[in-house]
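We name chains A, B, ... by the order of the sequence lines, and we start the count at 1 in each one. Nothing here was measured: the structure is a model prediction, and the numbers come from that model.
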Amino acid sequence: MRMKGTEIFIECLRREGVSVVFGHPGGAILPIYDRLYDAEIRHILMRHEQAAAHAADGYARASGRVGVAMATSGPGATNLVTGIASAFMDSVPMVIFTGQVPSTLIGTDAFQEADVVGITRPCTKHNYLVLRTEELARTIREAFYLARTGRPGPVLVDLPKDIQLSECEFVYPEEVRLRGYRPILDGDPEAIRQAVVAILEAKRPVIYAGGGVIASEGAVELQRLAEMARVPVATTLMGLGGFPTEHPLSLAMLGMHGSWYANMAVSRCDLLIAIGVRFDDRVTGKLAAFAPEARKIHIDIDPAEINKNVRVDIPIVGDVRRVLSVLNAELEARLREFRTMTWEAERRAWLEQIAEWKRAYPFCYDFDERVIKPQWVIEEIARITQGEAILTTDVGQHQMWAAQYYRFKHPRTWITSGGLGAMGFGLPAAIGAWFARPDRPIIAICGDGSFQMTMQELAVVAEHRIPLKIVIINNAYLGMVRQWQEIFYNGRYSASDLRVSPDYAKIAEAYGLRGYTVRRPEELTDLFEQELLASEPVLFDVHVAAEENVYPMVPPGAAITEMIVGPMASKRMAHSKASMG
Amino acid sequence: MIRTIVLTVENRPGALARITGLFSARGINIESLTVARTDDPTLSHMTIVVDLDDAALEKLLKLLDRLVDVVTVTAVNPRNAVERELLLLKVRHEPGQKLELLKEAEIFRARVVDVSSQSYVLELTGDEEKLEAFIRVFEKYGIVELVRSGKVAMARG
Ligand SMILES: Cc1ncc(C[n+]2csc(CCOP(=O)(O)OP(=O)(O)O)c2C)c(N)n1
Ligand SMILES: [Mg+2]
């Protein structure tokens, strides 16, 4: 059948199961927008292309499906770049479509021309410039395939206007053939056997689990491994939700703002089981001092991550869930021969040591009756939502407090810009997440600085009456910057002061949304009880203690045991209650 | 340490940029690079020479392999590979030196591919050592211009 480029585009998206796309129109992509006008695929008009990319990201992370974003050529495409780079760093499956000037004008500095494949080459898993309509279907097919398989990531397809408009015979490529792309899914059985023995022989093992657990849907297998072999689990920022925070074997998050006990456990362990992680500098601190006594197992789908920052003893390349299910079966079979009285006693001793560390330094802060502590805001959210909400965040102190004080229960309920750390991520990502999971409460935890980077997206919340809860942790500072300036720059608060800021509740009102300003602790509880699970969008501008710091903190370049723990609190927090089983 | 990396890559726009981008983003200088299509017109053969230690090389190979456009990639061991480079050398010939110059070219099995009233263009193929030796010998005549193709390599057997 002969079809126009735009019809092929819609047909290919339909076949990929795409039901919603996030974008912003413009000249070079108008033919596609004209088709979208009466297509079944829903288009959500975001108010800035960066937000369209973040929304597609939030959609993908909440659902596990490929998120789709689109924009016009030139400025539309360049505005997407932050969102694409964030998705690339966090391995999020996304396909991005950009309009391009007609192929005959490429290279002439035409109006709104930008070399988008050139600009995005280092921050996409792969990208394409389509120069013949005949190649459109195959390209879209490959783009989706690449985005979701192997180590997921964003793939961009640049579509010149004339390619959208011309016709060709439509042949849907059932098969994808890419001779340079062969993701390895199953781990080497011999390496898995070695890993099982290492796990059973270890006296002080620790699991270090990351985003790969979430991406591969491997949380159930992870928990099985931890429970069977009785190994405590520390997660990275990206791995939160991959293991329940309240599980007795949970060490919460490790790294720069990780728990004291996770960092201690990793530093003293004799076996580190790294699962779907990349030994990021925010996790390891000083490399030479990271898990110095440990043999290391590393399970990851990307061979390029093996031995990248840290040399490991037992590398296993493969999909985390698949590798863990084989490993668990093997472990179950061998458990009996190892599970002697001494084995039990050794494990108990290690878990008891960890329990002691947990009691000594839980996450904690000084509660205050007069001023709202930001950590407490997160605790209240955790209490009211019972860990059932999806949280998105911006970047800064509030992000770290959310990571530390929320009690995660499920994978895909924590959506944050981890690798790139892009301020302004929270609100648009929450919008995207809602289109994926309208059944769950969704809470965007925003920084007052970050919120101002994408707050125009309140229009999208209003337009679709998206029942988001937007909680601005308003400390009137670029708080994380201020914290570094306090600790490392003699308190010289250069350009981190946000005292001149808008009234966020009124901004919400300007968009026709409910907005509240909260200043006193006693107001917060009542308001959250009433409104946090409401079926309408609500914005809470929560004024918190301005100069609160995030602790523990590992100074950059230090060993992760060299933590600044901050003032020891009078109030012990939820995490201290969990004891080791 | 000088390394030779051999790749087969999809013969399409952007593939080269993707590959060289990996080097430039890490501040790795490319000593030489050659690309040309193979007997299969959809594939190109690429030889890249870089100065890297073992650990950096291992990482780079994995990153190259990760690229969708890269079909195969290996670092060749000079002992198990044939490596060749082409040299074009324009050299002045003073009246009294012509015979000697041509004789020396003969010794290296270089060919004269252009003749003018003041200079010859000589063509030589060989491995790195041979080319270097050739250049040293011909310096005394006065080199007008020198072009090297960059190395191409192929595993033996
Ligand atoms: C786009 C972008 N610009 C700059 C930064 C550097 N940065 C990291 S945290 C931060 C402050 C964030 O302030 P706010 O959103 O108010 O969060 P807080 O730390 O106060 O909770 C800045 C400027 C960044 N991460 N992203
Ligand atoms: Mg702030």
Check your understanding: Looking at B:Gly21, B:Ala55, B:Ala25, B:Ala17, which has the largest count of heavy-atom pairs under 4.5 Å with chain A?
Key -> B:Ala17
Review point. Strictly by modelled atom types, are A:Tyr128 and A:Glu135 linked by a side-chain donor-acceptor pair under 3.5 Å?
Key: no
Review point. So what's closer than 4.5 Å to chain B heavy atoms on A:Asn307: side chain, backbone, both or neither?
Key: both
**Study point:** Contact leader toward chain B among A:Pro183, A:Gly118, A:Gly180, where contacts are heavy-atom pairs under 4.5 Å
**Key:** A:Gly180
Review point. Is it true that A:His126 and A:Tyr181 have ring centroids separated by less than 6.0 Å?
Key: no
Exercise for review: List the atom of A:Ile140, the atom of A:Leu13, and the distance in Å for their closest heavy-atom pair.
Suggested key: CG2-CD1, 4.2 Å
Check your understanding: Is it the side chain or the backbone of A:Ile306 that comes within 4.5 Å of chain B heavy atoms, both, or neither?
Key -> both
Check your understanding: So which part of B:Leu67 gets closer than 4.5 Å to some heavy atom of chain A, the side chain, the backbone, both or neither?
Key -> backbone
Point to revise | A:Arg177 atom CZ: more than 12 heavy-atom contacts under 6.0 Å | key: no
Review point. Chain A heavy atoms under 4.5 Å from B:Arg18: which part of the residue, side chain, backbone, both or neither?
Key: both
Check your understanding: B:Val70 versus chain A, heavy atoms under 4.5 Å apart: side chain, backbone, both or neither?
Key -> backbone
Point to revise | B:Leu122 and its side-chain contact (heavy atoms from CB on, under 4.5 Å) partner, picked from B:Val113, B:Val112, B:Leu87, B:Asp114 | key: B:Val112
Revision key, fill the gap. In terms of heavy-atom pairs under 4.5 Å with chain B, the winner among A:Asp302, A:Val117, A:Leu146 is A:Asp302
**Study point:** Among B:Leu43, B:Leu60, B:Thr72, residue most engaged with chain A (heavy-atom pairs, under 4.5 Å)
**Key:** B:Leu43
Check your understanding: Which bit of B:Thr42 is near chain A, if near means a heavy-atom gap under 4.5 Å: side chain, backbone, both or neither?
Key -> both
Practice item. Check the surroundings of atom CZ in B:Arg109: do more than 12 heavy atoms from other residues, nucleotides or ligands lie under 6.0 Å from it? Key: no
Review point. Is it true that B:Glu106 and B:Lys103 make a salt bridge, defined as a side-chain N closer than 4.0 Å to a carboxylate O?
Key: no
